[in-house]
Amino acid sequence: MAPAMLTENGQASGNFNQSSLHEWSALTHNKFPLRRIPDPLHIDSIPPYESNSDQAELEAQTPTAHKPTLKGVGKSDCEVKIVSISECESEIPPEAFAADKNSLWTSNAMQDIFANAHTRTPTNGDSYSVLGSRAAQARKAHRRPFLARRGNSSAPPLARQPTRSTGPSKYVSGATIRRLTSDKWAVRKQAFSGGKQDGSRLLKQIQKQLVFSATCRTSHMNATISTPEIYGLKMPRAGQESNIVVDMEYIPFHDVAFIMLEQDKAVNEWLINAAISVVDYELTNSSSVPLKEVMPDFRKKADSIKKAMTKSPLLSEEEIKDTCEQIDALLQHYDGLPELHIPVGTCHGDLTLQNMLVDPINRELCVFDFLDCFVESPLQDLAKLLQDVRHQWFFTQVEIPDGKEARAVATLAFFYDKIRSDYEFYEFWEALALFEFMCLARILPYMTNDREKHCIIYGLQRIGEDLKSQPAQEMLSVESSSDSYDSEPERLDAIPNDKTTVIVPALGPDLAQVFFDGQIKLLTVNPNGRPLIVDCVSSLGTDKVSRIIIAVPKSLILQYCDSPAAFEKLFDTLGPDKRSKVDFFYSEQKTRDVIDTVTAVIQKRNVSGSIFVKDANNNFAHSVDAGNYTAFLSIVKEENPIRSSNPRSHNRSYSKGDLRPLQKRDLRPDLIDATKKSYVSFSYDNIVSNISHASFVSSQFCCGGYGFLSASDFLTSAQRLRTALQTADIELSPGKSGLKIIDVIWEMICEGHLFFGAKVSEYDDWGSLAAWTAYKGTYTTHWVDMAHLERVLKRPDPSGGLQYLLDNPRRSIIFYTSKGEAHVGKVRESVERVGGDATGKRLQMLHSIVSPNLMGVESDLRDLGL
């Protein structure tokens with residue numbers, strides 16, 4: 001039998017005879033048992049079973065947790081469910097497609113497609129490959145089906161594998177370990193007799209899927225693209241009314257929503273490029289025809305949409321009338337472009353994001369749920385992609401978790417920009433609006449809720465407005481196509497400025513709530529004596545800072561401080577240099593979220609140049625500088641060893657200068673609110689690759705400090721994100737799920753801006769009462785017998801010993817003695833002679849008749865270096 005081939009135009013060719021057809025049918029007729037999973041993988045949770053096991057025995061052998069489920073099945077006339085692979089249909093009868101007049105389905109071409117659509121694996125009978133993508137493995141197997149595999153020195157050579165097509169049980173050369181458990185299941189689609197489709201459309205979809213599968217497996221498609229293998233097809237017998245049943249491979253990959261919300265920019269960029277590559281292949285195998293040749297098909301489709309719209313309970317008579325007028329205007333517009341050429345050829349037909357599954361580890365995109373079209377053209381698939389990424393139909397079908405909406409919107413906008421940049425300079429882009437409009441309009445009769453209606457109605461209006469403004473846009477495009485940048489307006493903040501403005505947005509509702517001991521969080525006093533709002537900037541290095549703008553609600557300050565002057569006086573503890581840079585923004589109105597607050601400060605205080613947005617719910621040490629970056633730390637508590645100048649201070653066996661790994665730890669307490677923080681990951685050269693709220697994309701969390709090189713870039717991206725959310729009809733509730741700073745950062749990353757990471761130190765968190773309580777616990781008081789202090793004063797370098805006792809501001813040491821007040825005074829004089837008056841005042845010494853240790857107060861002298 002000659003090897004199967006696909007011609008350049010996508011048609012199959014090859015030589016088959018009746019004996020080869022009988023041989024192929026016989027091979028796929030039997031049920032296929034699963035083989036035992038090999039020992040080297042050490043996976044024993046799924047016991048093997050034989051082909052004659054019935055469903056009850058299979059379920060008894062299989063833990064319930066391993067049975068997969070289908071989510072997001074969508075709307076269809078077919079029933080879709082998971083079945084055991086032992087139940088699968090294993091034959092595709094050629095007569096199922098004999099009545100089809102499609103030129104692809106001649107007798108010889110049909111057998112080529114059937115053969116190529118099945119998998120050939122180069123592995124031996126009991127081994128399973130887990131390397132590379134499914135599609136790459138299938139291609140490799142097809143390229144070298146006749147090669148024997150070499151054995152190692154301790155095992156006999158492996159037998160050469162048969163060259164015939166194998167069944168679903170052999171198709172286990174998947175990309176991940178979970179493929180080995182999913183191999184036990186299949187997806188069954190069943191078209192019911194008498195339904196809307198009546199099986200005919202399902203057969204057309206399966207035809208497309210078989211052709212696409214054959215194309216993927218014969219090196220004619222990108223190695224990262226695949227589709228589920230068709231295991232078998234059951235047709236009703238002649239003269240009988242029955243259901244059409246199709247069994248296909250179960251693919252245990254992630255949906256696109258997971259990729260958008262959890263994976264980094266590189267994976268998302270690969271995903272949309274992979275989808276584009278599907279369209280590219282279709283375009284390569286298409287023919288160019290004048291638009292006038294397919295306009296009758298569009299008019300016929302438009303008439304059916306108009307007729308079906310009248311049955312929709314969600315559309316009013318006025319809306320039906322407006323839509324009909326829009327359809328007529330659209331057709332009239334394209335009637336005036338009869339010679340505009342468009343590509344015509346095989347396409348997926350329903351290339352939406354919901355019809356994709358993704359393996360992000362091995363970079364494999366699996367597409368499914370093919371659909372026949374009234375005009376077969378790659379522009380149908382482009383229009384379907386735009387339906388999701390431009391008009392955001394995706395949000396009507398997928399539930400996005402609270403707080404993730406902005407990221408999802410920004411990612412869809414990124415997808416749209418990629419598609420537009422790849423195709424907008426081709427002639428067919430002008431005709432795309434026709435396909436785009438029809439893809440949306442055809443859903444009108446089948447809408448089920450107001451959100452779907454909003455998406456479609458506004459999408460149709462958007463397309464209509466594009467057509468009206470098309471001449472103006474083309475003229476603008478010609479004028480702006482010059483390589484000269486002389487006409488670009490100068491931005492206010494484009495002028496070099498080496499100073500950064502720090503903005504502390506403190507208008508959130510949580511800062512106004514009673515936090516501790518009857519005081520609101522904003523003014524709660526830390527153990528160091530400073531209120532939280534003051535302490536949040538106390539550790540910042542401000543040499544390169546021009547202003548520190550504290551944004552607070554005016555009504556709250558008047559209520560709890562009586563006057564702005566009293567509130568401002570609290571910041572005097574920061575020191576004269578930093579205090580001179582502090583400015584105040586008293587907001588008269590509430591803002592929706594932190595983005596609104598920062599926007600108001602920038603606009604009303606004429607902020608230009610670089611900005612650094614600092615969270616009021618924490619404090620950390622960091623030298624503020626200009627740039628796009630985020631402050632971060634690891635969630636893993638790190639020890640912070642220091643070198644000791646005192647060889648006797650920790651362990652007598654240590655020599656001078658030795659490391660004392662247990663002497664001093666990072667003062668950050670264990671994170672109390674780890675699930676409520678944002679996390680960031682980095683690629684090469686410390687570049688931010690992913691940033692997400694409440695998703696553990698890495699072990700690095702954002703500390704609440706974000707630098708932006710340009711205030712105007714921040715405003716532009718924030719406004720673009722707001723507009724996109726409004727377009728998607730997504731309302732963010734104030735406070736809880738409003739826009740976050742990281743949402744703007746992700747938007748800017750998708751636009752091409754580079755952000756970096758700046759690791760900070762001395763992080764203190766008081767985002768919640770539990771976190772603040774843990775922070776307070778880092779302040780300790782030690783009661784120590786004064787005899788230990790006297791031994792320090794007798795050392796060769798007593799000043800170094802005294803300085804060490806005072807180097808930790810969170811440690812309070814009280815030296816006591818029972819020798820009387822006179823002895824206390826004598827020791828104090830010795831301390832002042834060595835360390836000065838200031839040291840004498842800082843060390844607390846008192847007379848005590850009873851040892852505090854007897855009262856349960858204990859001190860770790862090892863930790864104190866005594």
Side-chain angles (χ1 to χ4, degrees), residues 27-35 37 46-74 76 78-93 96 114 117-121 128 134-135 137-138 165-192 199 202-203 205-210 212-213 216-217 226-235 243-253 255 355 357 359 364 366-370:
L27 286 173
T28 59
H29 182 70
N30 297 322
K31 305 295 183 185
F32 300 96
L34 284 178
R35 287 179 167 79
I37 294 176
I46 305 298
Y49 65 94
E50 301 300 328
S51 59
N52 58 0
S53 298
D54 58 22
Q55 182 64 17
E57 294 174 341
L58 173 66
E59 292 180 353
Q61 294 175 349
T62 306
T64 305
H66 288 290
K67 184 170 183 178
T69 58
L70 287 175
K71 63 178 181 178
V73 173
S76 174
C78 300
E79 180 187 53
V80 184
K81 62 181 180 179
I82 293 288
V83 298
S84 165
I85 204 168
S86 64
E87 299 179 67
C88 278
E89 299 297 329
S90 55
E91 181 179 359
I92 305 178
F114 284 175
H118 278 255
T119 304
R120 301 174 181 182
T121 173
Y128 295 89
R134 294 169 51 260
Q137 288 293 317
S165 301
T166 60
S169 65
K170 285 288 189 69
Y171 192 46
V172 195
S173 55
T176 60
I177 294 296
R178 65 172 179 242
R179 288 274 307 142
L180 301 180
T181 61
S182 68
D183 167 327
K184 300 182 65 175
W185 310 101
V187 175
R188 170 167 292 177
K189 296 187 74 172
Q190 189 170 358
F192 296 99
L202 178 59
L203 287 178
Q205 295 166 19
I206 298 307
Q207 287 180 12
K208 278 193 172 185
Q209 188 164 335
L210 284 168
F212 191 87
S213 181
C216 292
R217 298 168 193 273
S226 66
T227 192
E229 180 179 346
I230 302 296
Y231 291 156
L233 173 66
K234 180 181 178 182
M235 293 289 295
N243 303 327
I244 296 177
V245 176
V246 179
D247 291 329
M248 65 185 72
E249 181 185 9
Y250 169 70
I251 306 296
F253 291 174
D255 59 12
N355 290 339
L357 291 171
D359 179 357
E364 179 179 353
C366 181
V367 297
F368 55 94
D369 276 1
F370 293 75

Visitor: Between atom CG of Leu203 and atom CG of Leu233, what is the distance when rounded to the nearest 0.5 Å?
Guide: 6.0 Å

Visitor: Looking only at non-hydrogen atoms, find the nearest pair between Pro228 and Cys366 and report the distance.
Guide: CD-SG, 3.5 Å

Visitor: Go through it in stages, so that I can follow the logic: the residues are Asp369 and Gln205, the test is side chain to side chain contact (heavy atoms under 4.5 Å, CB included), and I'd like the CA-CA distance, side-chain angles, deciding distance and then a yes or no.
Guide: CA-CA 7 Å; Asp369 276 1; Gln205 295 166 19; 5.7 Å; no

Visitor: Between Glu229 and Ser213, do the side chains contain a donor N or O and an acceptor N or O under 3.5 Å apart?
Guide: no

Visitor: Any heavy-atom pair between the side chains of Met248 and Tyr231 that's under 4.5 Å?
Guide: no

Visitor: What's the shortest heavy-atom distance between Tyr250 and Trp185, and which atoms?
Guide: CB-O, 3.7 Å

Visitor: Quick one: does Val83's side chain get under 4.5 Å of Lys81's, heavy atoms only?
Guide: yes

Visitor: A side-chain contact here means heavy atoms from C-beta on lying under 4.5 Å apart; do Lys189 and Ile244 qualify?
Guide: no

Visitor: Roughly how far apart are Ile230 CD1 and Ile206 CD1, rounded to 0.5 Å?
Guide: 4.0 Å

Visitor: Once you round to the nearest 0.5 Å, how far does CG of Leu210 lie from CZ of Phe370?
Guide: 9.5 Å

Visitor: Please tell me if the side chains of Val187 and Ile82 come closer than 4.5 Å, counting only heavy atoms from C-beta onward.
Guide: yes

Visitor: Using a strict cut-off of less than 4.0 Å between a Lys/Arg side-chain nitrogen and an Asp/Glu carboxylate oxygen, indicate whether Lys234 and Asp247 qualify as a salt bridge.
Guide: no

Visitor: Val367 and Thr227: which non-hydrogen atoms are nearest, and at how many Å?
Guide: O-OG1, 2.7 Å

